[in-house]
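The structure appears below as structure tokens.
As the structure is a computational prediction, the values presented were derived from the model and not from experiment. Residue indices begin at 1 and follow the sequence shown. All heavy atoms count here, side chains included; hydrogens, waters and symmetry mates do not.
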Amino acid sequence: MGLVESLDFYRLKRVNLRFSSRICFGLWLAFAVFHPVLGLRPLRERSQSWGDEWLFVRKDESELGPFSAWNITGTYRGSWRFLDSTNSSSRFPDFKKSNGNSVLELISTPTKITGVHYVQGVLIFHDVYDNEREAGGAQIRIEGVYIWPFRQLRLVTYSGKEGEFGQEDDYILSNPYHLLGVFSSQVFQESPRDKIWKRKHSPIYEMEKHCNIEIAAQISHMSSTQNDGDHDRYHLEGLMESPSVDDDGDCFSPIALNATSVNIEVYYNKAVNYTLMVTFVSFLQVLLLIRQMEHSNTQSGAAKVSILMIGQQAIMDAYLCLLHLTAGILVESLFNAFATAAFFKFVVFSIFEMRYLLAIWKASRPMNNGEGWEAMRRELSVLYSRFYGILLGGILITYEFHKFLRLILLLMHSFWIPQIVTNVVRDSRKPLHPHYIIGMTVTRLAIPLYVFGCPHNFMRIAPDKNWCICLGIFMGFQASILLLQHYLGSRWFIPRQILPEKYSYYRRFDQDPNHATDCVICMTSIDLTQRSNDCMVTPCDHFFHSGCLQRWMDIKMECPTCRRPLPPA
């Protein structure tokens with residue numbers, strides 16, 4: 001019995017040991033599986049580390065989501081203003097503006113200290129100075145810390161060497177908002193030469209020598225809207241002070257800063273939508289050009305079109321092609337979108353408009369067509385040299401007189417005026433199709449109205465409603481005159497007293513009524529017994545039916561019998 005009891009006890013012990021090992025294995029397996037999941041839980045539910053005793057970890061009821069280290073890297077756009085009505089300090093009297101716009105470029109990197117991020121960036125003030133050269137902006141390099149548990153930002157002026165590139169320079173040079181803003185400011189607002197002059201003569205350098213610029217700001221989270229999507233946006237509100245190094249008082253009065261982060265993805269979408277608009281407008285212009293070329297597909301019809309009008313539109317499209325291609329090269333992430341817009345503009349001016357330009361030039365020189373290829377090549381070289389010479393000259397003129405850019409753009413959009421003058425001088429009959437007049441007027445207004453009229457355009461250009469209204473009225477006035485010339489006659493607004501004497505195809509003539517005369521166009525006889533509008537007489541005394549000669553003059557302005565030039569009807 002003792003042996004049996006010992007065997008039973010041994011078996012029971014082995015079963016218990018096996019059961020215990022299974023329980024331990026199951027607990028180890030559960031720990032191995034769920035431990036990484038616990039590591040992903042929010043920070044507020046995790047145990048604090050040895051360096052977190054001084055942190056006040058909590059969840060704000062007004063904030064969205066759990067407490068975390070917000071990444072404040074990005075671009076902030078907002079405004080600045082003096083807390084007083086004006087700058088009360090006399091140390092830097094150049095601060096004459098009381099408020100203006102500002103752009104803040106920040107890049108935040110974590111440090112070894114828990115809860116502290118190192119921040120570098122650039123603070124750009126617009127409309128600060130008011131001197132004789134209109135140096136309206138100042139750029140300050142800043143650095144500091146961002147204490148993310150308290151959402152506090154502390155910044156001072158950057159103390160690095162001038163010209164030294166750091167991590168913030170890499171971010172700024174790759175930021176499409178900053179790059180396109182710089183590009184548009186150089187193209188539409190100021191030249192690089194003026195920016196260099198402002199940088200050398202800006203009082204901000206003297207300020208950095210004699211002032212300690214300090215910025216204290218608070219960061220808050222903004223609720224997302226439909227336009228922003230699910231991306232986080234932050235609001236920065238703070239104070240910029242400048243105590244003097246020599247204890248002579250403040251360099252300038254405290255400045256209040258108020259800025260909101262720019263959603264780069266929305267900025268991308270705006271740029272892409274703009275390029276889609278340019279592509280669609282270019283496609284419409286191609287269709288309109290094809291319609292106009294079909295309308296004036298004869299030699300007489302092409303000769304009625306002003307070569308200056310088509311050349312001016314081709315130069316405008318060439319400029320737009322270069323601008324979009326340069327913007328695409330500047331911002332690599334948007335290269336495909338801008339390159340597509342530039343390609344369509346290149347197709348418009350290099351294929352269709354240049355082809356139409358050559359057709360008009362050839363129609364206006366009918367006597368030179370039989371002189372041989374050498375003479376035609378010389379004429380073509382002269383035409384191309386004039387076109388590209390005007391193109392390059394226009395770039396130089398725009399660069400030198402960039403302060404009058406809006407006036408230059410207004411003059412460039414006066415391309416209908418040469419056609420109006422040509423219609424009056426030559427007394428041309430319906431040289432342009434009405435669809436071409438209306439369509440080109442509308443499509444040419446699309447890009448300038450977006451750049452200078454859209455309040456939230458991606459080029460960061462302030463809207464100018466007065467200029468947009470003037471441009472719209474100016475273009476509409478030109479198009480209205482052309483349409484009235486189409487339906488009422490090319491000289492409808494010219495007083496008859498100052499008009500030159502016009503040849504009458506229905507003049508009196510001496511002809512033997514018994515002698516039969518045939519129309520060489522339709523090869524039928526003309527009844528000269530009745531004095532009616534059925535018969536037209538050319539200056540060379542040849543007779544034709546009215547309808548036959550008018551259809552002939554739509555093709556060629558020369559007599560069907562003797563090939564002499566005909567005056568306009």
Side-chain angles (χ1 to χ4, degrees), residues 31-32 34-60 62-76 103-124 139-175 177-178 208 211-222 230-243 245 257 259-264:
F31 180 79
F34 289 104
H35 179 69
V37 178
L38 293 175
L40 297 176
R41 296 174 66 186
L43 182 64
R44 62 184 180 88
E45 298 181 6
R46 295 170 56 187
S47 59
Q48 296 180 350
S49 62
W50 64 271
D52 295 337
E53 291 82 7
W54 60 279
L55 295 179
F56 180 63
V57 182
R58 63 183 177 86
K59 177 182 178 182
D60 296 334
S62 61
E63 305 295 345
L64 298 178
F67 183 86
S68 61
W70 294 339
N71 184 11
I72 62 171
T73 299
T75 303
Y76 295 79
V103 175
L104 188 64
E105 308 273 358
L106 295 179
I107 177 170
S108 175
T109 54
T111 63
K112 295 182 179 180
I113 304 176
T114 306
V116 178
H117 286 190
Y118 177 63
V119 179
Q120 288 179 289
V122 175
L123 180 58
I124 304 171
Q139 180 172 319
I140 305 173
R141 290 178 176 267
I142 53 178
E143 65 176 351
V145 294
Y146 167 52
I147 308 174
W148 56 262
F150 301 102
R151 313 306 187 201
Q152 293 182 358
L153 187 63
R154 297 291 185 269
L155 301 170
V156 295
T157 53
Y158 184 58
S159 58
K161 296 181 181 180
E162 186 176 359
E164 180 182 353
F165 286 88
Q167 191 175 10
E168 81 282 359
D169 297 285
D170 297 335
Y171 169 76
I172 291 173
L173 292 177
S174 62
N175 188 350
Y177 179 85
H178 178 79
E208 292 178 354
C211 301
N212 293 321
I213 300 177
E214 301 174 356
I215 299 175
Q218 191 75 21
I219 307 294
S220 60
H221 194 281
M222 295 183 63
D230 298 330
H231 299 275
D232 294 331
R233 295 190 64 191
Y234 304 107
H235 181 73
L236 185 148
E237 187 174 2
L239 190 67
M240 176 177 173
E241 297 178 316
S242 60
V245 178
L257 301 176
T260 305
S261 62
V262 177
N263 193 338
I264 299 299

Has the side chain of R151 got a donor or acceptor atom that lies under 3.5 Å from a matching backbone atom of S220? no
Mind checking the CG-CG spacing from L155 to L123? Nearest 0.5 Å is all I need. 8.5 Å
When rounded to the nearest 0.5 Å, the distance separating CG of L104 from OG1 of T260 is 11.5 Å
What is the distance from atom NE2 of H221 to atom CZ of R233, rounded to the nearest 0.5 Å? 10.5 Å
The criterion is side-chain contact (heavy atoms from CB on, under 4.5 Å); which residues satisfy it with A259, sequence neighbours excluded? Y76
Which residues satisfy the side-chain hydrogen bond (donor to acceptor under 3.5 Å, both in side chains) test with Q152, sequence neighbours excluded? R154
Does the side chain of M240 come within less than 4.5 Å of I142's, by heavy atoms? no
Distance, nearest 0.5 Å, that separates CD1 of I213 from CD of E241: 12.0 Å
Please report the interatomic distance CD1(I219) to CH2(W70), rounded to the nearest 0.5 Å. 8.5 Å
Measure the spacing between CH2 of W148 and OG1 of T114 and express it to the nearest 0.5 Å. 7.5 Å
For the pair V145 and T111, evaluate side-chain contact (heavy atoms from CB on, under 4.5 Å) and give the outcome as yes or no after the intermediate values. CA-CA 10 Å; V145 294; T111 63; over 6 Å; no
Just by distance, do the side chain of S108 and the backbone of V119 share a donor-acceptor pair under 3.5 Å? no
Looking at every non-hydrogen atom in both residues, tell me the closest pair between G115 and P149 and how far apart they are. O-CD, 3.1 Å
Below 4.5 Å, heavy atoms only, C-beta onward: do Q218 and E237 meet side chain to side chain? no
May I ask you to test the I72-L153 pair for a side-chain heavy-atom distance under 4.5 Å? yes
